[in-house]
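Sequence lines set the chain letters: A, B, ... in the order given, protein chains first and strands last, and positions in each chain run from 1.
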Number of protein chains: 2
Amino acid sequence: MASHGVRGRSGGRPTLEEVAARAGVGRGTVSRVINGSPRVSDATRAAVEAAVAELGYVPNTAARALAANRTDAIALVVPEPETRFFAEPYFSDMLRGVGAALSDTEMQLLLIFAGSDRERQRLAQYLAAHRVDGVLLVSVHADDPLPDMLSQLEIPAVISGPRSAAETLTSVDSDNYGGARQAVEHLIGRGRRTIAHITGRLDVYGAQRRVDGYRDALREAGHEVDELLIEPGDFSEGEGRRAMEALLERRPDLDAVFAASDVTAAGARHALREAGRRIPDDVALVGYDDSAIARHMDPPLTSVRQPIEEMGRRMIDLLLAEVADRRPPASRELGRSQVVLATELVERASS
Amino acid sequence: MASHGVRGRSGGRPTLEEVAARAGVGRGTVSRVINGSPRVSDATRAAVEAAVAELGYVPNTAARALAANRTDAIALVVPEPETRFFAEPYFSDMLRGVGAALSDTEMQLLLIFAGSDRERQRLAQYLAAHRVDGVLLVSVHADDPLPDMLSQLEIPAVISGPRSAAETLTSVDSDNYGGARQAVEHLIGRGRRTIAHITGRLDVYGAQRRVDGYRDALREAGHEVDELLIEPGDFSEGEGRRAMEALLERRPDLDAVFAASDVTAAGARHALREAGRRIPDDVALVGYDDSAIARHMDPPLTSVRQPIEEMGRRMIDLLLAEVADRRPPASRELGRSQVVLATELVERASS
DNA sequence: AGGTACTGTGGGAGCGCTCCCACAAGTGAT
DNA sequence: ATCACTTGTGGGAGCGCTCCCACAGTACCT
């Protein structure tokens, strides 16, 4: 435990100045040591570090933020209501990945929901006040004004799941198209003939790409695409159930379903059960995300794994690079990166 | 959209000073308006508000924090690894309640995990730097040094789930003892005779209280308490399963189980299924928390509801009061509040 | 001997607020 | 008219840092 040592005023924490006095150096030198500048002699550095340890000095973040015009914090913005966030493992997995990537850093992570108009309002204020150095945007809808607002405010931002093929922000995504193809090719390989698809929210680009992958995989295998086998959902369990019921009504002969998320698949499973269909005997089921749900489902769910942890890490890397680039405001428009990571099919008992 | 108006230097956001100039008043007056001081005439207030709107002024948080020595942020500290946090609905429900209570405020919420030693280290730094005005502590173990650290640093804190009957920090909790009694009395009322209990982590005070409630309810109904019917768990699904298997081995004649959490009950359900016991025909099952899991379980789970949203709200109220009290450092030790909220049994098909 | 270039260091200025003291103007009792 | 308050306002000082300029010291060329 660090001794608390001498204090300028009672109750206050030690300041840079006090550390400087203790170490017999100037304020600037202490600042250099704290910030890891190389332009300090070894002897001086040691003396300062000793003083820091003796006094139990911790830099005052507010003062630093004010003087340096940075906050050492980034926000993870989720443009969905809280309820949705906690219901979908995708978000919490992402948060975990981001958190892990960030724990090597001095950066602080803020979690911000922007589901309601009210929350949007607060967020706008928040961003306008530049309370964060950068923003991570997760699962954005096609018509969301948030990305443009960020561009306008010149706040570094990375988006997970681009809004379109022409995304202007730096983005990180998994290969939704390829993942969907893997799923459908797998089902075809198992001899399934009538493969339905319950989509995600179609105003999310990734959901569209999964539909594209579904279509192309069928076509290339010589199947024709029956639009009656495609039912729009919204990634939720309730919609998965509803969509499954609709599909069973329209095409009672279907023998496989590719759901756009594990949660959707869970909903579909309920509907299949109630309709008396056995999984996988009567109907094979494949999900997307390979979340905890997939492993715990009965039967365990075959699912397309996205490397979410890796995605989080890449997002952080890119964002921090943009934040760092900011300081010399030279090179802008140097080609936004669009990172796409491969998916992997995890086969389980449901297919 | 607010016009951006005149700027002191290019690129900068407007400052208090600029607003003051625009409104034709002094800096102090603008500050008073921004902070809602009553000591401003209506005319002046209107003029300032107009200037604020025209310039799109947003206060600089860092400057405010530095000058006023407060951060307008509080932390929700979870002394568990992230994985556990996301696995247990209790935490996310709590977070939702706290978030809702906070959205009426200017306060910012930080979510901090302190599961690993590394995270602990960071947290200590964080607190030492006084980067938050107050702390919400969730699910603390009996021997956790965190609360004492907070007292030492004189950081206002509210704890959800006191560490013992003699908790020194302000606390908010549900009536664990009463909730457990409700559950057991319900089972007795349904004619169950051999009621087992899978506990939570016994180093959590609330888990102990549930055991106490279980015991007393049985005794008062004239049953004797068989220690073989009590199996310690840790709130997790895996332990629920393991504990259930152990109980079935020891007392194959049991006809009811009271689990210390819904997640635990889910684990127990698996074990019961594999052992070929029907719910509720052979064995009745009651959980705790009334989380989403309880509603979705098959069959739906009878569970003890804690008013988590309300708990979050009360915690915030108490914490903000402490934060406000802090400024005049007069009245300390004025009797920490210990709030206890009532639980409610939600009956479903599992019992 | 004088230049030129670096390295390491000290400390002034300033970031944008809040706090508080000073003071003008108004109000009412003496 | 005088004093004693109250109300509203302006602006200096200062919060604890970072940034940057100045400068001493050393080293290595001419």
>> For nucleotides 6-11 of chain C, give me one character per nucleotide, 5' to 3': B if any protein heavy atom sits under 4.0 Å from the base, S if the only such contacts are to the sugar-phosphate, - if neither.
In response: -SSBBB
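In this structure, B:Leu66 places its CG atom 9 Å from C1' of C:dC15, rounding to the nearest Å. The CG atom of B:Asn60 sits 13 Å away from the C1' atom of C:dT18 (whole-angstrom rounding). If you take CD1 of B:Ile34 and C1' of C:dT18, they are 12 Å apart, rounded to a whole angstrom. In this structure, A:Asn35 atom CG and D:dC20 atom P are separated by 13 Å, rounded to whole Å. We find that CD of A:Glu17 is positioned 14 Å from C1' of C:dA13, with the value rounded to whole Å. In this structure, B:Arg70 atom CZ and D:dC15 atom P are separated by 17 Å, rounded to whole Å. Atom-to-atom, CG of B:Asp133 to P of C:dT18 comes out at 14 Å; the value is rounded to the nearest Å. One atom, CZ of B:Arg131, and another, P of D:dG16, lie 16 Å apart when rounded to the nearest Å.
By the ring-ring contact (aromatic ring centres under 6.0 Å, His included) test, A:Phe91 is found to be paired with A:Phe85, residues two or more places apart in sequence or in another chain being considered. Partners of B:Ala47 under the side-chain contact (heavy atoms from CB on, under 4.5 Å) rule, at least two apart in sequence or in another chain, do not exist in this structure. For B:Ser160, the side-chain hydrogen bond (donor to acceptor under 3.5 Å, both in side chains) test picks out B:Tyr90, with sequence neighbours left out. Under the rule for a salt bridge (charged side-chain N to carboxylate O under 4.0 Å, His left out), A:Glu49 has no partner lying at least two apart in sequence or in another chain. Listed by chain and number, the residues in a salt bridge (charged side-chain N to carboxylate O under 4.0 Å, His left out) with B:Asp173 amount to none (sequence neighbours excluded).
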>> Please determine whether salt bridge (Lys or Arg N to Asp or Glu O under 4.0 Å) holds for the pair B:Arg22 and B:Glu18, giving the CA-CA distance in whole Å, both sets of side-chain angles, and the decisive distance to 0.1 Å.
In response: CA-CA 6 Å; B:Arg22 177 101 177 193; B:Glu18 285 162 34; over 6 Å; no
Side-chain donor-acceptor pairs under 3.5 Å in residues 93-105 of chain A, sequence neighbours left out?
residue: A:Asp93; atom: OD1; partner: A:Arg96; partner atom: NH2; Å: 3.4
residue: A:Ser103; atom: OG; partner: A:Ala100; partner atom: O; Å: 3.0
residue: A:Asp104; atom: OD1; partner: B:Arg118; partner atom: NH2; Å: 3.1
residue: A:Thr105; atom: OG1; partner: A:Leu102; partner atom: O; Å: 3.1

Name every donor-acceptor pair, under 3.5 Å, that has one atom in a side chain of residues 26-36 of chain B and the other anywhere in the protein, sequence neighbours excluded.
residue: B:Ser31; atom: OG; partner: B:Asn35; partner atom: ND2; Å: 3.4
residue: B:Arg32; atom: NE; partner: B:Gly28; partner atom: O; Å: 3.1
residue: B:Arg32; atom: NH2; partner: B:Gly28; partner atom: O; Å: 3.4
residue: B:Asn35; atom: ND2; partner: B:Ser31; partner atom: O; Å: 2.8

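An OP1 or OP2 oxygen of C:dT18 is reached within less than 4.0 angstrom by a side-chain nitrogen or oxygen of B:Ser31.
If you check the side chains of B:His141 and B:Glu80, you find a donor sitting under 3.5 Å from an acceptor.
For the helix from C:dA1-D:dT30 to C:dT30-D:dA1, the terminal axes (five pairs an end, C1' atoms, rotation from four pairs onto the next four) enclose an angle of 50°, given to 10 degrees.
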